[in-house]
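The structure appears below as structure tokens.
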Amino acid sequence: MSMIAAFYGGKSILITGATGFLGKVLMEKLFRTSPNLKVIYILVRPKAGQTLQQRVFQILNSKLFEKVKEVCPNVHEKIRPICADLNQNDFGISKEDMQELLSCTNIIFHCAATVRFDDPLRHAVQLNVTATQQLLQMASEMPRLEAFIHISTAYSNCNLKHIDEVIYPCPVEPKKIIDSLEWLDDAIVDEITPKLIGDRPNTYTYTKALGEMVVHQEGRNLNIAIIRPSIVGATWQEPFPGWVDNLNGPSGMIIAAGKGFLRSLRATPMAVADLIPVDTVVNLTLAAGWYTAVHRPKSTLIYHCTSGNLNPCNWLKMGLYVLATFEKVPFEKAFRRPNADFTTNILSNQYWNAVSHLAPAIIYDFYLRLTGRKPRMTKLMNRLLRTISMLEYFINRSWEWSTANTEMLMSELSPEDQRVFNFDVRQLNWLEYIENYVLGVKKYLLKEDMAGIPKAKQHLKRLRNIHYLFNTALFLIIWRLLIARSQMARNIWLFIVSFCYKFLSYFRASSTLKV
Ligand SMILES: CCCCCCCCCCCCCCCCCCCC(=O)SCCNC(=O)CCNC(=O)[C@H](O)C(C)(C)COP(=O)(O)OP(=O)(O)OC[C@H]1O[C@@H](n2cnc3c(N)ncnc32)[C@H](O)[C@@H]1OP(=O)(O)O
Ligand SMILES: NC(=O)C1=CN([C@@H]2O[C@H](COP(=O)(O)OP(=O)(O)OC[C@H]3O[C@@H](n4cnc5c(N)ncnc54)[C@H](OP(=O)(O)O)[C@@H]3O)[C@@H](O)[C@H]2O)C=CC1
């Protein structure tokens with residue numbers, strides 16, 4: 001019997017960010033392994049014209065939850081959506097709901113965050129720092145609370161090369177930032193943002209670091225653990241391999257490469273590609289929840305949920321695995337044949353951006369205009385280039401994350417728990433994982449049917465022929481122009497023609513002799 005699964009039985013659990021990528025997998029695993037848990041409260045905001053109930057209904061009826069419905073048929077009764085916007089005071093939670101949360105909650109998993117790299121500082125602080133502070137305040141009023149698990153990121157200290165499982169001091173106290181944002185206007189905030197974030201690449205990593213500091217300072221009387229995952233990718237094993245539902249991290253890039261938009265990337269091939277499957281993060285998170293509540297460590301433990309030091313893979317390998325998978329399972333209606341490459345040089349990157357990204361987009365838009373359609377490719381390509389520019393920081397560096405706490409936690413688990421809540425990335429086979437990842441992107445993100453693979457392969461063949469035809473035509477045009485303008489080009493041309501003529505004559509003569 002799994003001790004961790006048994007621990008969550010009968011518990012009232014509060015999850016923020018349950019509608020997000022990580023939150024959904026966390027909920028799924030909890031219901032599947034501890035179907036006798038009491039209730040999961042989820043803080044949800046109405047969104048995109050959907051009510052809370054509609055959002056929950058959509059999640060529970062998705063493929064991700066198919067297995068859950070078998071083991072926990074009354075899952076609908078055990079999930080209690082609470083209308084909440086983390087950007088508001090008291091999260092805009094009604095008095096009755098708040099009362100219930102405060103009196104019943106046993107465990108909190110705080111997953112909600114803005115993960116956008118380009119969020120204005122004010123918004124990122126509001127969600128990643130102030131909301132965390134408010135949740136800690138709520139937690140301190142919960143008499144039955146056994147553990148508070150805060151999800152951070154391994155990149156919260158990405159300004160360092162070697163990162164230990166400790167909280168690093170922030171140059172400016174989070175409280176001071178929160179206070180000053182109250183009276184500074186947006187223009188000034190934008191102006192001081194680069195100075196505040198310093199050597200971090202964006203407001204996301206900066207505010208996640210501030211969030212950790214707030215947890216450290218204001219959660220002293222609580223039983224807290226912090227999980228720091230690196231780049232979270234599709235599921236490795238559970239509930240099935242390859243599940244993914246958003247474009248963050250590598251998923252968007254896999255689509256861009258598979259559809260033939262992304263042809264070149266400024267990345268350091270040998271830098272560590274620190275991907276971590278989302279189910280691995282969830283297993284570690286649940287194990288940490290159990291350990292924190294049962295063993296009550298004296299200080300806040302931080303767990304690095306990374307792959308680099310236990311089972312490293314680099315971007316070159318990952319890129320090759322991705323491309324190799326496209327051969328077997330190509331995406332439908334590709335713009336060009338998938339054939340991306342890495343470059344480390346800024347100039348050559350700019351060259352490839354112009355030649356391989358922008359030029360084909362401009363030519364295609366010209367064709368769309370000619371055929372009376374609305375041009376869209378150049379806009380899309382510029383958007384892709386902007387996204388890539390924001391990811392570049394992470395694909396041109398390697399970090400070393402120590403994993404002593406994570407390894408300690410692994411050793412504390414019973415053999416059964418090591419199996420059910422496996423977070424040992426040494427067992428991960430990267431090729432197999434990437435193949436399933438690409439397949440998952442095709443099935444669950446692009447919603448493409450496997451039956452369409454032969455047609456997609458045919459389309460790629462057609463694109464290859466167009467590519468050859470286009471290159472030959474381009475060569476001939478350039479050559480024709482050169483011959484018209486340069487005596488030397490004409491001489492070379494005459495030499496090649498006469499050489500070919502002589503070669504063919506010799507070949508014809510020798511084959512006649514044989515007869
Ligand atoms: C040689 C072979 C190559 C083969 C590929 C190999 C894979 C290489 C992968 C390399 C990836 C490296 C990833 C590193 C990530 C480091 C992560 C650090 C860990 C964390 O803790 S952060 C969590 C992850 N967070 C993110 O990834 C957020 C990134 N996204 C953003 O910040 C914003 O979305 C962005 C990029 C600033 C764009 O903003 P904006 O222009 O306002 O656009 P929208 O968000 O509204 O979206 C517009 C449009 O683009 C689509 N979209 C969104 N995100 C992505 C994405 N990451 N990739 C591709 N497309 C994306 C979005 O769906 C919209 O589409 P529409 O059709 O709806 O318009
Ligand atoms: N994905 C990754 O690569 C990594 C993620 N992490 C961390 O993991 C955690 C989860 O990330 P992930 O699941 O990928 O992110 P998602 O963007 O998928 O999910 C974010 C969640 O936060 C919720 N949320 C955002 N704003 C509000 C708000 N104002 N009120 C209520 N809820 C809100 C979202 O709700 P809604 O659906 O309504 O938008 C959503 O449920 C984050 O803390 C992130 O920093 C760490 C490392 C890497």
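Remember, it's 1-based here, ligands and their atoms both numbered in the order they're listed.
Taking the six-membered ring where the residue is Trp, Tyr433 and Trp430 present perpendicular rings, their angle passing 60° and hence far from 30°. In this structure, Tyr364 and Phe335 have perpendicular ring planes: the angle between them is above 60°, well past the 30° mark.
Shown here are the ring-ring contact (aromatic ring centres under 6.0 Å, His included) partners of Phe342, two or more places apart in sequence or in another chain: there are none. For the side chain to side chain contact (heavy atoms under 4.5 Å, CB included) test, residues two or more places apart in sequence or in another chain that qualify with Met98 are Asp90, Ile93, Leu102, Met138. The side-chain hydrogen bond (donor to acceptor under 3.5 Å, both in side chains) test applied to Trp399 returns no partner, not counting sequence neighbours.
The shortest N/O to N/O separation between Ile231 and ligand 2 does not fall below 3.5 Å. Residue Leu86 places at least one N or O, backbone or side chain, under 3.5 Å from an N or O of ligand 2.
Within the 4.0 Å heavy-atom criterion, neither part of Asn128 lies near ligand 2. Contacts of Tyr204 with ligand 2, taken as heavy-atom pairs under 4.0 Å, involve the side chain alone.
Comparing Gly92, Ser152, Pro229 against atom 7 (C) of ligand 2, the shortest heavy-atom distance belongs to Ser152. Across Pro46, Ala113, Ser230, heavy-atom proximity to atom 20 (C) of ligand 2 is greatest for Ala113. When the heavy atoms of Arg55, Gln88, Arg45 are ranked by distance to atom 37 (O) of ligand 2, first place goes to Arg55. By heavy-atom distance, the residue among Asn246, Thr19, Ile15 lying nearest atom 34 (C) of ligand 2 is Thr19.
When each atom of ligand 2 is checked for a heavy atom of Thr153 under 4.0 Å away, the hits are 46 (C), 47 (C).
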Find all protein N or O atoms under 3.5 angstrom from an N or O atom of ligand 1 and list the pairs with distances, or write 'none'.
residue	atom	partner	partner atom	Å
ligand 1	21 (O)	Thr153	OG1	3.1
ligand 1	21 (O)	Tyr204	OH	2.8
ligand 1	25 (N)	Val115	O	3.2
ligand 1	27 (O)	Gly249	N	2.9
ligand 1	32 (O)	Phe117	N	2.8
ligand 1	39 (O)	Arg116	NH2	2.9
ligand 1	41 (O)	Arg386	NH1	2.7
ligand 1	42 (O)	Arg116	NH2	2.7
ligand 1	45 (O)	Arg116	NH1	2.9
ligand 1	57 (N)	Leu247	O	3.1
ligand 1	69 (O)	Arg383	NH1	3.4

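For the ligand labelled ligand 2, residue Thr114 lies outside the 4.0 Å heavy-atom shell.
Salt bridge present: Glu212 and Arg228 bring a charged side-chain N and a carboxylate O closer than 4.0 Å.
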